[in-house]
Structures are given as structure tokens and as C-alpha cells.
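Note that the numbering runs from 1 along the sequence shown for the chain. Hydrogens, waters and symmetry mates play no part in the numbers below; they use all other heavy atoms, side chains included. When a ligand or atom number is given, it counts from 1 through the structure's own listing order.
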Amino acid sequence: VERAEEYRKKHRVAVKGLCPPPLDSFTSAETCLGKDLIEAMYDQGYDAPTPIQAQAWPVAAQGQDLVAIAETGSGKTCAYLLPAMARIAKWGPKKTIHQGAGKDDRPPAQPYALVMAPTRELVQQICVEALKFAEGSVRAMGIYGGVPKGPQVSELKSGIDLLVATPGRLRDFMTGDPKKGAAPVVIVEAVSYVVLDEADRMLDMGFEPEIRWIVGQCPAGGDCQDVVKGSARQTLFFTATWPKDVRKSALFFTRSAVQIQVGQGVG
Ligand code: ADP
Ligand code: MG
């Protein structure tokens with residue numbers, strides 16, 4: 001406990017709620033993330049978890065909801081991606097490539113983990129990061145607007161574990177196109193890990209109605225045991241700023257969340 005407090009003071013980390021101690025080295029994070037993911041962090045040339053990773057990893061791995069407030073460049077992407085990868089790897093990723101009679105006969109994508117981000121560029125960056133750690137075992141892909149849907153539909157239907165998406169394009173894929181008789185191509189009923197990345201920017205851009213609708217189709221929030229089994233939803237809310245409207249939104253999407261704040265205004 002003393003050591004945890006020392007670490008938090010040194011790295012300007014403030015926590016609220018039932019928060020496990022930080023994993024201040026890659027060695028100490030191996031139990032919750034597994035050897036392969038830690039090896040991949042070393043392969044990137046990193047020496048140690050950043051403070052947000054050290055605190056977010058044990059919370060996420062336990063299945064608890066999380067609200068994380070940390071400035072840009074603090075390593076938030078790996079903070080939420082690695083626990084998702086670890087869980088999917090444990091369950092066994094979707095290996096089968098479904099072959100239908102025609103390509104549109106294939107069933108919709110049913111990801112286990114969903115990351116929402118405000119822009120195409122961010123979705124692409126998150127995917128690049130995800131692919132560094134997926135090593136072919138976890139299938140990750142990004143969807144976003146401003147490009148034709150066809151290639152994204154085709155990739156979705158090949159089987160996806162982790163989906164990174166802008167809210168608008170995801171909503172379109174979840175509703176399908178009733179006028180053209182097109183069925184949904186993404187179903188979120190198996191999603192037990194939801195990340196709202198740059199949540200403050202998504203709110204600013206007016207995405208809250210879409211996000212509420214999408215999260216409403218995911219399983220309801222639940223206890224850690226159900227989350228880890230995959231039958232309840234865990235929600236991780238990441239933001240760089242913490243004004244009142246963002247706080248309200250964090251409360252809406254999460255359930256008994258642990259709060260971690262790093263840097264600015266702490267300590
Ligand atoms: P944020 O989302 O908080 O703005 P990113 O996840 O984009 O931050 O990470 C910022 C940079 O830090 C990226 O270049 C990333 O590769 C790098 N990074 C991530 N984790 C570590 C780490 N443990 N040690 C050093 N650098 C890291
Ligand atoms: Mg980021």
C-alpha cells in the first residue's frame with residue numbers, strides 16, 4: 001500500500017474507487033496481460049508501463065469499469081488495448097473464416113471488444129497500434145466514414161474480434177439499409193469490452209446520441225465475474241479533459257467505475 005502511494009505521488013496519479021495497486025514494471029504486469037503482450041511491449045523498445053498503463057491494466061483485467069483522465073501522449077491506447085487482447089486471447093479468437101454461398105450470405109461480424117474514437121485518423125492510428133500486439137491471433141480492424149462501405153463490409157464478415165470504429169459508420173453498419181433490404185453487418189451482442197477513446201472530443205462533435213444507441217445494444221453492465229465470462233459489459237471511458245458535461249457522460253456510460261487521473265491538476 002505504501003509503495004502504491006509512493007508511485008502515485010511520484011507520477012502524479014490520483015485514484016478514486018476500489019483501485020488495485022499500480023503495475024509499475026512490465027514484469028509485474030505479466031500476470032494480468034500474459035508473456036506475449038509484455039514481450040511485444042519490449043519489442044517496441046519500451047522500458048516500463050506509463051502511469052496510465054500501470055494503473056489502468058489491473059483495473060481493466062479485473063473487469064471493472066474505468067474512467068481515465070490523462071493528457072495526450074500518456075500512452076492511453078496500450079492502456080486499453082492490451083487488456084482487451086489478453087482477454088480475447090484467453091477465450092480464443094474467432095478463427096473461422098465463414099464461407100457463404102455468395103459473399104453477402106456470410107453472417108454479420110460479432111466482435112468481443114469495441115473501441116469508439118471520434119475521427120478516421122484516430123481509428124487508423126489505434127488499428128496500427130492494435131496490429132503491433134495482435135500478431136495475427138486477435139483479428140482487429142477499423143471502420144470509419146468518408147470511404148466506400150464495400151471493402152469494410154467484406155473484411156467485417158471475415159470474422160472480427162476487436163472492432164475500432166467511428167460512431168457514425170458503426171451505427172450505419174448496425175442498422176443495415178432497410179430501404180435496400182440490406183441486413184446489419186455488425187452485431188454487438190457479444191461485446192463485453194467497450195472503450196470510449198477521446199470521449200471528450202466525441203461529445204464535442206455531437207456523437208453522444210449515436211454512442212448511447214450503440215452502447216444500448218451491447219450487453220448491460222455487470223459484475224466483474226460476468227464481464228470476464230463475457231456475459232456483461234465493461235466500459236472504459238478515456239478523456240483528456242474533465243469538464244462537467246464529460247463527467248456527466250462518464251457517469252451515464254460506466255457503472256461503479258474506478259477513476260484514474262494522471263498529470264495536470266494532480267498532487
Ligand atoms: P495518448 O492516447 O494518451 O495520447 P498514445 O497511446 O497515442 O497516447 O501513446 C503516445 C506514444 O507513446 C505513442 O507513440 C506510443 O507508441 C508510446 N508509448 C505507449 N506506451 C509506451 C510505454 N510504455 N513506454 C514508452 N512509450 C510508450
Ligand atoms: Mg489517444
Side-chain angles (χ1 to χ4, degrees), residues 7-8 10-15 21-61 66-86 113-135 138 140 142-144 162-167 193-205 207 211 235-242 246 249-250 253 258-266:
Y7 179 92
R8 287 171 185 157
K10 183 173 167 202
H11 296 278
R12 295 198 305 158
V13 178
V15 301
L23 301 170
D24 57 357
S25 68
F26 284 145
T27 314
S28 67
E30 217 174 272
T31 326
C32 84
L33 295 178
K35 242 189 158 76
D36 293 351
L37 288 171
I38 294 303
E39 205 54 52
M41 288 297 271
Y42 283 123
D43 288 348
Q44 297 301 307
Y46 306 156
D47 302 318
T50 65
I52 191 66
Q53 291 163 2
Q55 272 302 182
W57 283 343
V59 175
L66 172 67
V67 173
I69 308 131
E71 53 212 352
T72 305
S74 53
K76 295 192 284 290
T77 319
C78 288
Y80 63 72
L81 278 182
L82 270 57
M85 302 271 185
L114 171 63
V115 177
M116 279 184 266
T119 66
R120 177 211 315 213
E121 289 71 26
L122 271 161
V123 166
Q124 287 171 331
Q125 278 171 34
I126 295 162
C127 279
V128 167
E129 204 72 5
L131 294 175
K132 288 181 194 165
F133 298 95
E135 288 187 350
V138 174
I143 56 173
Y144 38 80
L162 189 153
L163 183 61
V164 187
T166 53
Y193 193 95
V194 173
V195 179
L196 305 182
D197 193 11
E198 306 226 0
D200 50 352
R201 274 183 73 196
M202 290 202 284
L203 295 184
D204 274 351
M205 290 168 71
F207 281 135
I211 299 170
T235 310
L236 300 96
F237 186 102
F238 283 79
T239 177
T241 63
W242 197 226
V246 179
S249 170
F253 288 110
V258 169
Q259 183 182 308
I260 303 170
Q261 186 164 10
V262 180
Q264 250 178 20
V266 174

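Shown here is Lys10, whose NZ atom has no more than 12 heavy atoms of other residues, nucleotides or ligands within 6.0 Å.
Note on ligand 1: Gln125 sits outside its first shell, no heavy atom being nearer than 4.0 Å. Under a 4.0 angstrom heavy-atom cut-off, Glu198 registers as lying outside contact with ligand 1. In this structure, Ser74 counts as a contact residue of ligand 1, since one of its heavy atoms falls inside 4.0 Å of the ligand. Not close to ligand 1: Gly45, with no non-hydrogen atom less than 4.0 angstrom away.
Side-chain contact check for Met205 versus Thr119: some heavy-atom pair is nearer than 4.5 Å.
Residue Ala199 comes nearest to Phe237 through the heavy atom pair CB-CZ, 3.4 Å, listed as atom of the first residue, atom of the second, then distance. When all heavy atoms of Thr50 and Ser74 are compared, the pair lying nearest together is OG1-O, 2.8 Å. Smallest separation of non-hydrogen atoms from Pro21 and Gln55: C-NE2, 4.1 Å. Listed here is the closest heavy atom pair of Phe207 and Pro118: CE1-O, 3.5 Å.
Distances below 4.0 Å separate heavy atoms of Thr77 from the following atoms of ligand 1: 2 (O), 5 (P), 6 (O), 7 (O). In summary, the atoms of ligand 1 found under 4.0 Å from a heavy atom of Glu129, numbered by their order in the structure, are 16 (O). The distance from ligand 1 to the heavy atoms of Met41 drops below 4.0 Å at these ligand atoms: 23 (N). In the vicinity of Thr72, heavy-atom distances shorter than 4.0 Å reach the ligand 1 atoms 4 (O).
At a heavy-atom distance under 4.0 Å, no atom of Gln44 approaches ligand 1.
Nearest to atom 1 (P) of ligand 1 among the protein's heavy atoms is Gly73 N, 3.4 Å.
Of the polar atoms of Ala48, at least one N or O is found under 3.5 Å from an N or O of ligand 1, judged by distance alone. Any N or O atom pair closer than 3.5 Å counts here, and Lys76 shares at least one such pair with ligand 1.
Within a 4.0 Å radius of atom 11 (C) of ligand 1, the protein contributes no heavy atom.
Comparing heavy-atom distances from atom 17 (C) of ligand 1 across Tyr46, Phe26, Tyr42 singles out Tyr46 as nearest.
Side-chain N/O atoms of Gln124 and Tyr144 include a donor and acceptor closer than 3.5 Å.
Without hydrogens or angle criteria, Lys76 side chain to Asp197 main chain gives no donor-acceptor distance under 3.5 Å.
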